[in-house]
Amino acid sequence: MQNLLHNLNPEQLAAVTLPPQNALILAGAGSGKTRVLTTRIAWLIQTGQVSPAGVLAVTFTNKAAKEMLTRLSTMLPINTRGMWIGTFHGLCNRLLRTHYKDAALPQTFQILDSQDQLSMIKRLLKANNIDDEKFPPKQVMYFINNNKDQGLRASQVEAYDALERKLVELYQLYDDQCQREGVVDFAELLLRTYELLSRNEPLRQHYQQRFRHILVDEFQDTNNLQYAWLKLMAGHGSPYGGALFAVGDDDQSIYAFRGANVGNMQAFESEFRVQNLIKLEQNYRSHGHILDAANMLIANNSRRLGKNLRTDAGHGEPVRVYEASSDLQEAQWIIEEAKSLIAEGALRREIAILYRSNAQSRVIEHALFSAGMPYHVYGGLRYFQRAEVKHAIAYLQLMDNPHNDSAFLRVVNFPARGIGARSIEQLQNAAATYNCSLYAAVPYMVGKAGSSLAAFTKLIEGVRFETQQLALPELVKITLDSSGLLQHYANEKEGADRVENLEQMVSAATQFVSEEGFGQGAPAHLGPQASAAAGAQVVVADGVEIIDADAPLATVMSPLSAFLSHASLEAGDNQAQEGQDALQLMTVHSAKGLEFDNVFITGLEEGLFPHESSSKEEGGVEEERRLMYVAITRARKRLYMAFCQTRMLHGQTRYNMKSRFFDELPEESLKWLTARVQQNNWFSTGSRKSAWDEMPSVPSADNRLAARMNERSGASGGWRIGESVAHAKFGEGVIVNLEGSGANCRAQINFGSFGMKVLDLSVAKLERL
DNA sequence: GACGCACCGCTTTTT
DNA sequence: GCGGTGCGTC
């Protein structure tokens, strides 16, 4: 116990040892949040205040859940199995598997990922002859998911015009179709669980009484449904229920665009009458200048809960700021700086290059590739999302639940077996007529199409029969062969990677079976009741027998079902080149939660960061500022910021002003590597040396660009596209275009918040910057 | 049934 | 500027 608590600072200690009451922990970046969360659990168990089975810990990502489990197992001598630690979706999946009857789901219900969901909506639109110009599938999906995230069923959505009424109708059709097929989307996992527990009182009370301590990570990222779910679990407003321990940081709320509601923090504080609010402000990550920059920037936001990070680490290096002439040159500069960092002994994996949007990575990647520097881009296609892996999964899905139409359509003719669009159309008509799944409609088909289709279902049933008594890895192996997938890719010219990915599925299955506590040889298809019902805890409450949805998964589902939900809920890593020491490229969003010795924040330009579309949304710029705050606080020792005068975006050259965020950073913490414009110096005549004039090692493409621009300057009274200027009324701007010549010369200038203006150069008084 | 061409859209992302 | 998608042709 002494061990557990030692080395905690006073605030951390206070949070860990709070009495069993609701609590809100405001945990700043790098303040030891995960440590507090895990130590709290360990302390509660070690002091005998709760048994492992009384703990429910919820995270957003599998990574965070795994991290908690790992840390806990080093702190506690006991088995962590009895605890419920997982993502919202993972926990809901487990609950729904256990109580599938009460939730009105088939035992082998399957989970649609976003790809599957979208293709299902497209099918639905087609089947109902709906113009997908008027109802873009993505928007229909957004509408459905949004309402589910608000806890609303189609019947509860209020529609005010014909368009909305149609959307509501589609929502209902979509849900009906899911129910017929026995599939649920991500939002449905949560909503269905929520409805199950609200409706079913004995079940609700059982879980409310069981979980004495509910702990939530990244609380600022919860959406309304998740918050309602937590309220229900914690028995808010009922005589039962445990304490809710919420950890979050309102300044790091960057997911409003997908429904996260920071307001949940304030709501929690008042609705749960939180007496215990603790702020963790001591930062163990970054040097002083970096924190000063973060603190001063975020102070520009309103409606904060209020927090200021501090450190004992000293000021450290100032933040280095660089103005590049172009995106190419920005990339070139990053490489030069990275090289010298590495020369000073930095590890490549301790250098992160962050950007606002993925499109920015291309130029940087290209430069890194040319320079022969190893790098790793985060956020590509993940393992279980690859086409060939999804195909294999579809075969497995059909064996477990043949009514999954998405899976059926994906592989009915892949590899090709002579079942064309015409046959599929007939089959869909038959399915509509008999109100059944495509698979079930196959017997109604006649002729050549009928026999090809029958051969396909026979193939599925054949493999199922053949593998009846086999364990999951064998089932996977046989499926890969019998489906013809392996053969198909082996014959393909560039199919080697795909074959490798497919073969990897066998090892993935082996690993899964052993990690999830299924017996090594447990038959993949066998139902849970036969395989492991002995482990399930049966509870009798109010005369109702309840099988508690306890770990391990083997108690509630077959190895195959479990593996399939694993594939949907945990998409896997994106690349296997883990061991390599490489520069880390990622968006600011994906950098959240990570830290590096050296961080580059790139593309700090108006319109890009903050992104232009954010200024149209209510509170959009504040969210961008929080995003910038997240970016800054990733750095331990060195932080670099860069922006460009010219940038290629969507096939067009754009001229942006430097980001407004520079004006919100403390002067004394910045070191400008290129001459900088003094704000109070706009109208002085002294000419400024810009990065343009002192480019150290400009790539050739850049030289050409510069030359081209200088050519034009002769005809334009010395003005140049991309040049920074100041105007008495509009302030600082960038010349975006020049037209005409001599006395008729006009300039189009981007004045940032004043917008785009076209000025007659013989009249307008412009200052060169 | 495979390939080629035209068209679209384009912020951020986990489950 | 690029990648995904959907349609038309051989």
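This structure is a prediction, so every number in the text was calculated from the model and none was measured.
Of all nucleotides listed (B/dG1, C/dC2, B/dT12), C/dC2 comes nearest to the side chain of A/R362. Minimum atom distance to the side chain of A/M648 is reached by C/dG1, of the listed B/dT11, C/dG1, B/dG1. Proximity note for A/R356 (side chain, C-beta onward) versus B/dA2, B/dT11, B/dT15: the nearest is B/dT11. Closest to the side chain of A/L569, out of B/dT15, B/dA2, B/dT13, is B/dT15.
Atom CD of A/Q115 has more than 12 neighbouring heavy atoms from other residues, nucleotides or ligands inside a 6.0 Å radius.
Between the C1' atom of C/dG1 and the CZ atom of A/R647 lies a distance of 14 Å, rounded to the nearest Å. One interatomic measurement links the two molecules: CZ of A/R626 to P of B/dT12, which rounds to 18 Å at whole-angstrom precision. Regarding A/Q115, its CD atom lies at a distance of 14 Å from the C1' atom of B/dT13, rounded to whole Å. In this structure, the CE atom of A/M141 is 14 Å from the P atom of B/dT14, given to the nearest Å. Distance, A/E365 CD to C/dC2 C1': 13 Å, rounded to whole Å. The CD atom of A/Q385 sits 10 Å away from the C1' atom of B/dT14 (whole-angstrom rounding). A straight line from NE2 of A/H89 to P of B/dT13 spans 17 Å, rounded to a whole angstrom. Atom CG of A/L381 is separated from atom C1' of C/dG4 by 12 Å (rounded to the nearest Å).
Applying the 4.0 Å criterion to OP1 and OP2 of B/dT13, one finds that A/T587 has a side-chain N or O inside that range. Side-chain N/O atoms of A/N358 include one lying less than 4.0 angstrom from OP1 or OP2 on B/dT13. Neither OP1 nor OP2 of B/dT13 sits under 4.0 Å from any side-chain N or O of A/K592. OP1 or OP2 of B/dT15 sits under 4.0 Å from a side-chain N or O of A/R382.
Put simply, CD on A/Q177 and CD1 on A/I121 are 11.5 Å apart, with the number rounded to the nearest 0.5 Å. Distance check: A/L564 CG to A/Q110 CD gives 5.5 Å after rounding to the nearest 0.5 Å.
In the model, A/E365 has a side-chain atom that pairs as donor or acceptor with a side-chain atom of A/Y375 under 3.5 Å.
Heavy-atom nearest nucleotides on DNA chain B were determined for A/N413 and for A/S357, and the one closer to the 5' end corresponds to A/N413.
A distance of about 23 Å separates the C1' atoms of B/dT14 and C/dG3, rounded to the whole Å. Taking atom C1' in both B/dT11 and C/dG6, the straight-line distance is 25 Å, to the nearest Å.
Under the side chain to side chain donor-acceptor pair (under 3.5 Å) criterion, A/Q584 pairs with A/Y378, not counting sequence neighbours.
Among the candidates A/R647, A/K658, A/R654, A/R660, the single residue satisfying the salt bridge (Lys or Arg N to Asp or Glu O under 4.0 Å) test with A/E605 is A/R647.
Listed for the A/N128 side chain is a donor-acceptor partner under 3.5 Å among the backbone atoms of A/L124.
Nucleic acid contact for A/N62: sugar-phosphate only, since backbone atoms but no base atoms lie under 4.0 Å from a heavy atom of the residue. Residue contacts for A/E218: at a heavy-atom cut-off of 4.0 Å it reaches no nucleic acid atom on any strand shown. No contact: A/D113 has no heavy atom under 4.0 Å from any strand. No engagement by A/F88 is indicated, since no non-hydrogen atom pair under 4.0 Å with the nucleic acid exists.
Note on ring orientation: taking the six-membered ring where Trp is involved, the planes of A/Y255 and A/H589 are tilted (angle from 30° to 60°).
Stacking between A/F257 and the base of B/dT12 is present: ring centres sit under 5.5 Å apart and the planes differ by under 30 degrees. Residue-nucleotide stacking is not present for A/H589 and B/dT12, judged by a side-chain ring centre under 5.5 Å from the six-membered base ring centre and planes under 30° apart.
Between the side chain of A/S590 and the base of B/dT12, no donor-acceptor pair under 3.5 Å is found.
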Under 3.5 Å, which protein N or O atoms sit close to an N or O of nucleotides 6-10 of chain B? Give each pair with its distance.
from	atom 1	to	atom 2	distance (Å)
B/dC10	O2	A/H650	ND1	3.4

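In this structure, the ring of A/Y100 has its center no less than 6.0 angstrom from the ring center of A/F109.
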